Amino acid sequence: MSEKREEWGSRFGFIMAAAGSAVGLGNIWRFPYITGKYGGAAFVLVYLAVVIILGMSLMLAEFAIGRSAKSDAVGSFKKLGGGLWPIVGWMGFFVAFVVLSYYAVIAGWTFAYIFKSFGSLMVDAGAGKATDVFVSFISNPVQAITYHLIVMGIIIGIVYKGISGGIERSCKILMPALFVIMLVLIARSVTLPGAAAGLEFYLKPDFSKLTGEAILAAVGQSFFSLSLGMGIMITYGSYINKEEYLPSAVQKIVFLDTLVAILAGFIIFPAAFAFGIAPDGGTGLTFMTLPVVFSKMPLGSAFSSGFFLLLFIAALTSAISLFEVVVAYGIDQLKWSRAKSVIVMGIAIAAFGIPSALGEGGHIAKIAGKTFLDSADYITNNVVMPLGGIFICLFVGWFWVKGAKDEITENGRISFPTYTVWLWICRIVAPLTVAVIFYNGLKW
Ligand code: PHE
């Protein structure tokens, strides 16, 4: 056990890696859509409050657990909690494994579209065939599996190289690149004739749409967007050195994640409205609607390709963090080398993703009406992730109270002015709110 644990090489690199995990498909294809649906700027205000109160608190809790235990999610709960607590770590392992298996499938689609944008996609989309193109693409079993495996291969290659040499190094390049691509796309979108109507739809505050449902949507989105409740930030936290002041790292990561989410709406809505296309959410918008929008723009192929590159980078850096949760388990619990863990776990996840890749094209039977991918998504996002979030809060709020305080304040050396507020959020506010989300989400 004398071997030194890997650490992040620099504060900037660690922030980029954690922000890379947080910034994902959820920021780009989901946040703008729910904002438009639930009252624009009014919803953004609620979302900000939720992110600051709940999101930051839980991220801080996860970092404290990981850095104190210096272990993977399962090992952290073994070390700090004992008893049944490691089950919470197991839930994280399960979620990371399953989510990555289908996240890599979707990332594979975005990867393919980077290149398809320069092929016949623009012409077909212009002729009203974007949906056919997408459906026939995902229905082709060889293509669906090939792109999934390419993405898994890239992730395996990066995580194989370790924390600072692989994950951190790639995120230090990819995240600034993501930002630059976003700015170019925003500049294009907001200068289209007719863009203003989109901005108005996106941001005009409408407090009448701020229903209870909107607030639940804000909570759910904030957890998913910040990659909380599944051991990612525990795992990433275990590589943070003791000099880092955790609350300020949390602030930076949450700020970046929220900024990217809000900015994504400045790409999607002005462009959609400029061409009179209804902005929807999810895969439909991304693969079937936006190509139509791009096909109507000068230099559409380039903007389309840039957009899918943006999505691909966002998905890739999130996928890496999911993979590290699983790989760290192999290293810390099974005592495998990083190389062995990356290869064994990588093959297992790639194999588990195949039914998701095939199911979208109808090659695999549905499970009670849902495709394999949607079933995996439902079980992880609606069931296990919220439960994980609740137990992580309860753990730091009631069980490991002194340990958490010592970890955050570095044994009292640094002050943490909002400690009491944070503690009660973890004790009561967060578990209760997430329990409501959990209850409401239990509809197959
Ligand atoms: N945070 C990512 C997003 O916004 C999603 C994600 C969830 C990534 C869980 C990793 C783990 O899309």
Side-chain angles (χ1 to χ4, degrees), residues 15-35 47 50-51 54-56 58-59 62 66 73 91-107 109-110 151-152 155 158-159 167 171 174-175 178 182 217-237 250 253-265 268 281-283 285-286 310-328 349 353 373 376-389 392:
I15 304 272
M16 287 300 111
S21 169
V23 172
L25 299 174
N27 298 60
I28 298 170
W29 83 20
R30 196 147 167 268
F31 179 84
Y33 166 66
I34 59 176
T35 299
Y47 182 79
V50 168
V51 155
L54 298 180
M56 282 193 175
L58 184 53
M59 189 181 288
E62 292 202 20
M91 288 163 49
F93 176 90
F94 170 81
V95 172
F97 189 102
V98 174
V99 172
L100 178 56
S101 73
Y102 71 79
Y103 211 78
V105 171
I106 301 172
W109 300 343
T110 65
V151 170
M152 283 307 302
I155 296 166
I158 292 173
V159 175
I167 298 180
C171 291
L174 292 171
M175 292 309 288
L178 175 138
M182 279 201 100
V219 179
Q221 171 68 12
S222 71
F223 271 53
F224 184 78
S225 188
L226 293 170
S227 306
L228 298 172
M230 64 188 86
I232 289 183
M233 295 304 173
I234 294 178
T235 308
Y236 272 18
V250 167
I253 296 159
V254 170
F255 171 78
L256 288 173
D257 183 65
T258 309
L259 181 69
V260 170
I262 293 174
L263 287 180
I268 290 165
T283 34
L285 170 77
T286 311
L310 171 77
L311 276 179
F312 176 66
I313 293 175
L316 183 67
T317 50
S318 297
I320 289 171
S321 70
L322 287 165
F323 193 34
E324 181 58 27
V325 172
V326 178
V327 168
I349 294 171
L373 191 157
D377 180 65
Y378 173 85
I379 290 172
T380 49
N381 282 312
N382 293 34
V383 183
V384 189
M385 243 162 76
L387 284 180
I392 292 170

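Just so you know, ligand 1 is whichever comes first in the structure, and atom 1 is the first atom listed for that ligand. Quick note: residue numbers are just sequence positions, from 1. Predicted model, so just to flag it, every value in this text is computed and none were measured.
For the atom pair CH2 (W29) and CG (L285), the distance works out to 9.5 Å, reported to the nearest 0.5 Å. Here F312 contributes atom CZ and L25 contributes atom CG; the two are 11.0 Å apart, rounded to the nearest 0.5 Å. R30 CZ to S225 OG: the interatomic distance, rounded to the nearest 0.5 Å, is 9.0 Å.
Residues I15 and L256 are in side-chain contact: their nearest non-hydrogen atoms beyond the backbone lie under 4.5 Å apart. In this structure, the side chains of L54 and V219 come closer than 4.5 Å at one or more pairs of heavy atoms.
Applying the 4.0 Å criterion to heavy atoms of A22 picks out, from ligand 1, the atoms 1 (N), 2 (C), 3 (C), 4 (O). If you number the atoms of ligand 1 from 1 as listed, the ones under 4.0 Å from a heavy atom of S21 come out as 1 (N), 2 (C), 8 (C). Per-residue contacts place S225 under 4.0 angstrom from the following atoms of ligand 1 (heavy atoms of the residue considered): 1 (N), 4 (O).
Contacts between N27 and ligand 1, counted as non-hydrogen atom pairs separated by less than 4.0 Å, involve both the backbone and the side chain. Contact annotation: for I232 versus ligand 1, heavy atoms closer than 4.0 Å belong to the side chain alone. Contact annotation for M230 and ligand 1: only side-chain heavy atoms (C-beta onward) come within less than 4.0 Å of the ligand. Residue contacts with ligand 1, taken as heavy atom pairs separated by less than 4.0 Å, involve Y103 solely via side-chain atoms from C-beta onward.
Among protein heavy atoms, atom 12 (O) of ligand 1 sits closest to G26 N, 2.7 Å. Of the protein's non-hydrogen atoms, the one nearest atom 8 (C) of ligand 1 is S318 CB, 3.5 Å.
Every N/O-N/O distance between S321 and ligand 1 stays at or above 3.5 Å. Ligand 1 has a nitrogen or oxygen under 3.5 angstrom from a nitrogen or oxygen of F224.
Residues I392 and G229 share a closest heavy-atom pair of CD1-CA, 4.1 Å. Considering every non-hydrogen atom in both L226 and G55, the closest pair reads CD1-CA, 3.8 Å. When every heavy atom of M56 is checked against every heavy atom of V254, the shortest pair comes out as CG-CG2, 3.8 Å.
For L322, the closest heavy-atom approach to ligand 1 falls below 4.0 Å.
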